[in-house]
Amino acid sequence: MLEIIDLHAKIADTDTEIIRGLNLTVKAGEVAAIMGPNGSGKSTLSYILSGREDYEVTSGDIRYNGESILELDASERAAKGIFLAFQYPVEIPGVATMQFLKVAMNEQRKARGEAELTTPEFIRTVKEGAAKLKIDPDMLKRPLNVGFSGGEKKRAEILQMALLEPKLCVLDETDSGLDIDALKIVSDGVNALRSPDRAFVVITHYQRLLEHIVPDTVHVLYKGQIIRTGGKELALELEANGYADVIGEAAE
Amino acid sequence: MTIQSNTRQTAAETALVEAYTTQLSDLPGDPDVLTLRDRLLDDLKTAGLPTRRIESWHYTDLKTLLKDIPAFDAKKGAKALSPFVGGATVLSVLQGKANETRQDAFTATRYSESLTDGSAAARLDAVAADDAIGRINAAFVRDGFTLEIPADAEIEAPIEIQSIHTGGQVHTRFPVTIGAGARVTIIERHIAGEGDAAFVSSISDVVIGAGADVTWIVLQQQGAADTFLGQIRVDLGADAKLKLFDVNAGGKLVRQELRIDASGEGAELTLRGVNLIGGEQHNDVTLVLGHNVPNTSSTDVFRYVLFDRGRGVFQGMIRVAPDAQKTDAKMACNTLLLSDDADFAAKPELEIFADDVVCGHGATVADIDDNHLYYLRARGIPENKARAMLVNAFVAEVVEELEDEPLVEALEEVISNWLEKHA
């Protein structure tokens, strides 16, 4: 589903290269965890996948279902089914959460040539989705993410993911700022979306999240490259020994 | 008006003097009113229209900007519109002429009657040396409504003053007295119907009694070629609460003055402004707010959105009198500048003569936040749509503070319709 081939990328308008020859393949149905120390390029990778214009791909390719997406902008990628759950969802005063959800769902449907949702359909879908994530309906009456706690913001991200039904879900440090209960609710929300035709790229610092969202593969990102790939046991090894050993091996 | 060099009369100045001569025979007024009108016109003749050399007109050089003045045309007509919000009591002023009177929960009489019987004379004069709008309006005003809201009245349905024209000249005045303890919502709409260019002046002169609770909406939707010179004068009594929302979404040359005095202890002002400016529009909002006694508070938030070659001006002066201790005044002006050719000038000023006060002001001018734009696009919302949502949100945020659902919805519709045409 996702193939990243010898990708090099830098911060736009600078010479600061952050991704330095990254290779990664994620199949449909797979949950791939990306782990790595601070500053290794994890968040940058998530932004580049989503089409953020602050970064520039200098060489290599990103293929999604066999086609390069480098020429697509953020909204086109989203409409094709790529979703990024943000580490820090932005607060947008004045944009009502429900209005935002409706516009996003319908714009994606329009881009795919599908009929727009009717208002009753939309409200029912949102209510069901919110209930599953234990989201207080009052929260949806507020402006987008404004005044939401850290946990509420992450739940709102997962709600958007559930409503938009993407095919490739990128979760950027979704566990940061979550207490144990919220972590469980969010993980259950993600697990409920696991299916043979959907892939996940789960970016995290800690093994903790991977106890709840059990990955099929674990990849260690360091200085803009994947330096080691393994199964879920690799996460446990990293938790026990830190990144130093893996980094040391890769350097040899 | 302060002395200035006696430069040649502009076309607009000549037209104003001629208009006065032509209209004099049928301008309503008793001898006192007519004498005052004559004097004000003389002042206008001597001083001319204000230029950039008058400090409060520095960013709106009326002498240069006002190119010509369409003639008054008694034959022009206008039709009343349906109320802005359902259930509102409409008082229409069609082509500058008050259309009905009322006497039930409140009293509405024709302002022309008070000109004719001379009772208008006491408050007709200009209120300051730089009050060019007061001068023009007093010289030419023909009608409007005098509203009296009795003490302790609880008026549920909003009162809607609807001033509609189809071009020419319109000069209206609305003296409003709100009794102590009364509660009322007043909507003041200035609208151009289909028609020719107009020169409009309008003054609302509002006295709010102790403990009254008032929501006042000014909605300016003049035509694309119109000049609108508006003024809201407010005297806010003890423990009175006023929410004043000033929305400008029209006109070619617009100056809206807000002259507000908190003159009773415990008075509380919530002032919000939305200014949508595009094309070649020039839109100036000038606030002079006096905290004249101790323990009064105010928050002022103005939002400007500028497209094309639009020019926006905000002048906000807060004056705190020497004994007005414990004044709490906050003023903010935020602007979205969405075109390289648009232009915005802000001049916030504080004049504080008391020593135990909390006063602050801030002004920002920015483009749309890239992080906001990226977030919306990352959810599949195309860039142009995402931009429109964010511009709308920027002003909707202020409108929502009204906390009155029908009014908020009606105003948001005005705003999104304007943005659809101009964005």
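The sequence lines fix the lettering, A, B, ..., with proteins before strands; numbering per chain opens at 1.
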With the threshold set at 4.0 Å, does a side-chain nitrogen-carboxylate oxygen contact exist between [X] and [Y]?
X: B:D213; Y: B:K241; answer: no
X: A:K10; Y: A:E17; answer: no
X: A:E107; Y: A:K110; answer: yes

Looking at chain B, which one of [options] has the largest number of heavy-atom pairs inside 4.5 Å, strictly under?
options: A:V95, A:I82, A:D54; answer: A:V95
options: A:R52, A:E76, A:E53, A:E91; answer: A:R52
options: A:A79, A:P93, A:P89, A:A111; answer: A:P93
options: A:R77, A:E157, A:K80, A:M105; answer: A:E157
options: A:G94, A:A78, A:A74, A:S75; answer: A:S75
options: A:L84, A:D73, A:I92, A:L101; answer: A:I92

So for [X], is it side chain, backbone, both, or neither that comes closer than 4.5 Å to the heavy atoms of chain B?
X: A:L164; value: side chain
X: A:L144; value: side chain
X: A:P143; value: neither

Inset, instruction - Check whether any side-chain heavy atom of B:I232 lies under 4.5 Å from a side-chain heavy atom of B:E188, and answer yes or no. - result: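 When only atoms from C-beta onward are counted, B:E188 and B:I232 do touch, with a gap below 4.5 Å.
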Inset, instruction - Classify the angle between the aromatic ring planes of B:Y374 and A:Y47 as parallel (below 30°), tilted (30 to 60°) or perpendicular (above 60°). - result: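 Ring orientation, 0 to 90° scale: perpendicular.
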Inset, instruction - May I ask you to decide if the ring planes of B:Y304 and B:F314 are parallel, tilted or perpendicular, using 30° and 60° as cut-offs? - result: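 B:Y304 vs B:F314 ring planes: perpendicular.
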Inset, instruction - Could you verify whether a donor N or O on one side chain and an acceptor N or O on the other, from B:D308 and B:S339, lie under 3.5 Å apart? - result: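 No, no side-chain donor-acceptor contact under 3.5 Å.
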Legend entry - Side-chain H-bond candidate by donor/acceptor type, B:T296 with B:H291, under 3.5 Å: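 The answer is yes; a qualifying pair exists.
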Legend entry - Part of residues 377-387 of chain B lying next to chain A, heavy-atom separation under 4.5 Å: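 At a heavy-atom separation under 4.5 Å, chain A is reached by B:R377, B:A378, B:R379, B:G380, B:I381, B:P382, B:K385.
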Legend entry - Residue A:E71 excluded, over 12 heavy atoms near CD under 6.0 Å: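 At most 12 heavy atoms, drawn from other residues, nucleotides or ligands, come within 6.0 Å of this atom.
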Inset, instruction - Show your reasoning for whether side-chain hydrogen bond (donor to acceptor under 3.5 Å, both in side chains) applies to A:H205 and A:N38. - result: CA-CA 8 Å; A:H205 266 298; A:N38 289 329; 2.7 Å; yes
